Amino acid sequence: MYTFFIIALRNLVQAKRRTLLLGSAIAFVSLLLLLLLSISKGVSDRLIEASTLTSTGHVNIAGFFKQRANSATPLITNREQIRKLVQDNVQGLAMVTDRARGWGRLIGTGGSFNTGLNGVILEESAFLKEVKLAEQSEYKKDGSNKILGDISNFGQPNTILIFAGQAKKLGVDVGDTLTFITEANGGQANSVDLTVSAIARDMGFLSNFSVFVPRQTVLDLDRRGPDTTGAVWIYLKDISRSTEVRQQLEGVLSKAGFTILEHDPRPFFFKFQKIVGQDWRGLRLDLTTWDDEVSFINWIVTSLNGLSVFLVAILGLIIATGIANSMWMTVRERTKEIGTLRAIGMQKPQVRTLFMIEASLLGLLGALAGCILGIVLVSIINVANIPISNAGLRVFLMTDVVTLALRPAHLITALVFLPLLTAMAAFYPSLKASQMRPVQALNQGK
Amino acid sequence: MSVVLKGVFKDYPLGASIVRALHGIDLEIEKGEFTTIAGPSGCGKSTLLNLIGCMDVATTGTVSIEGKITNSLTDKEQTNLRLNTLGFIFQSFNLVPVLSVYQNVELPLLLKGGMTAGERSKRISELLDQVGLANKANNRSHELSGGQRQRVAIARALVTEPKIVLADEPTANLDSETGQNIIELMRTLNSKQKTTFIFSSHDPKVIEHARRIVRLQDGRVIEDVRK
Ligand SMILES: Nc1ncnc2c1ncn2[C@@H]1O[C@H](COP(=O)(O)OP(=O)(O)OP(=O)(O)O)[C@@H](O)[C@H]1O
Ligand SMILES: [Mg+2]
């Protein structure tokens, strides 16, 4: 086997031009594959990060409260009891918090829009600890480079944190006042004036859907009791256990006497219409995982992956054709050698193996070069902090600078996929080489 | 008996017609004989050697090697026979260009298996010594002269200690003096090791080195003399 490797390797070195040409083509495809994988992974990482900061826990216990038909409120009671059940039953718990939820219209001097209201508990909010505030220029024409707000002001009664894009729409700055109008349980409109305490940098379009106020503000607005909230959010040490924990909690909660809605893998607010139309009264819990909550934007990752697969498949096909062609040439050039090897006692399958090794080795070397280039290129791109100039793309990718996430699994994918591809492309020529009659091979080569 | 041919005919298809290359050959070659197949171009020398070498099959008649009839062997069995019982020397040397002299000689041993690196090394050094190339072990074939290449090929053919060595015009690509040296070397190895040697040639100077001359014409044996 070692000699087969030597023969293969030396033949690759011998055919320098061909090897370099094909090798660089393979390296290029491998590089492209790695870039696409790391873009896709970068986006999905960012998606998880942004969504679990702003709009979902890893597992969420939300609920609908129906006082009458044709209505529903995003409200659960027994907040303390539910939180305690979670604390007592979930293994590998990183943190539990809860958010009071409201829905209504936010009105500023320059404009207004409908939005969800997040009532957060300051001490428990990872989001508020990590949020980056925007410079004034990000939401105001001719604004300064200074950050005006201060997150420590948030938490005083009737303060609000909004995102830069929202501030632009509303035409407000830090310190200005906004009005929030809601429909309360009873049907009459409630309203509250809120002071903008801080303006956060945009986090892609997830930041279009929510604004942040202290929990008490939401409770006061709708005159809710202290043992109510909108949703209990559960963060796990291992996010991949989310589904398992959701299923476990469904059991725990129904045992404790709660009614659980059948699992619907859509974001909470998407289910409102359905619930409003249903004919029941009281409280029912709705458990979701983070990927349910972001399912409506998962298409971004899915389509990125689809595009990657498509591109790599096309290029792979081109490469495979090139490899197959080059193997034909190699086999033809080395017909006499094949005849000789068969004459001195090499079996058919060994001849096939010899050429397959040569092709796989070429694939492996090309992929290896691509991996090294990929690591270097991804590092450079990440360090360079290349800004994304297109605003739409910024929203879409949920980041201001190009961030790629190259994982060992991606390198392994390239290092397995490309040699496999080249071996497959070389299969038929190798088979033909092994099937030559020794006498004819010897004579042809003369 | 090392090689026995009985009533061997060989036809080649040529377009719509057929070419009869061998017309009923009966031939017995004993163990340890040093035989040449002589005759003009196109008389069927290569065809005959290919049949003995299990590289091709007779149209009718039987070929047996070391008592084994080879006509109906599978490709795998024929290959095994070539590996274990036969050695080949070619007109144009046919060394694997990307391998060193040492690696070329080692190749049949690796295909055969069953020897440690140390055992192989000992055997190869011995042989390279015998063919006078002990100092060229690490050279590649393009760094050698024609005569030296054919010596490597001889070492490669002998390394597995085959019962029979076949050589189709082993001297045709060499100058007369080198050619005679090569034949002398084969002769020496033949008398030392009792290996059966069968080689073809149309060069009278080379032919006279043989102990037995089988002369072919138009696919028939016209003369068979032992010296
Ligand atoms: N593959 C083949 N197809 C058709 N005819 C063939 C084939 N091989 C050999 N022949 C014919 O068979 C006859 C014997 O050929 P062979 O090669 O055995 O002769 P040779 O004695 O080796 O000649 P040379 O000295 O030129 O090598 C010739 O007439 C040749 O044309
Ligand atoms: Mg011939």
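Letters A, B, ... mirror the listed sequences (proteins, then strands); counts begin at 1. These numbers were taken from a predicted model, which means no experiment stands behind them.
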Considering only heavy atoms, which portion of [X] lies under 4.5 Å from any heavy atom of chain A: side chain, backbone, both, or neither?
{"X": "Leu99(B)", "result": "both"}
{"X": "Leu107(B)", "result": "side chain"}
{"X": "Asn84(B)", "result": "neither"}

Would you say that [X] contacts [Y] through its side chain, given a criterion of any heavy-atom pair below 4.5 Å between the two side chains?
{"X": "Thr340(A)", "Y": "Val96(B)", "result": "no"}
{"X": "Lys76(B)", "Y": "Lys348(A)", "result": "no"}
{"X": "Met346(A)", "Y": "Thr79(B)", "result": "no"}
{"X": "Leu83(B)", "Y": "Ile344(A)", "result": "no"}

Under 4.5 Å from a heavy atom of chain B, the part of Glu337(A) involved: side chain
Engaged part of Arg437(A) at the chain B interface, taking heavy atoms whose separation is under 4.5 Å: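 Side chain of Arg437(A) only, per the 4.5 Å heavy-atom cut-off to chain B.
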Residues of residues 54-65 of chain B within contact distance of chain A, non-hydrogen under 4.5 Å: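 Heavy-atom contacts from residues 54-65 of chain B to chain A are Met55(B), Asp56(B).
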Donor-acceptor pair, side chain of Gln14(A) and main chain of Val98(B), under 3.5 angstrom: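 No.
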Test item: side-chain donor near acceptor, Gln103(B) and Arg10(A), under 3.5 Å: yes
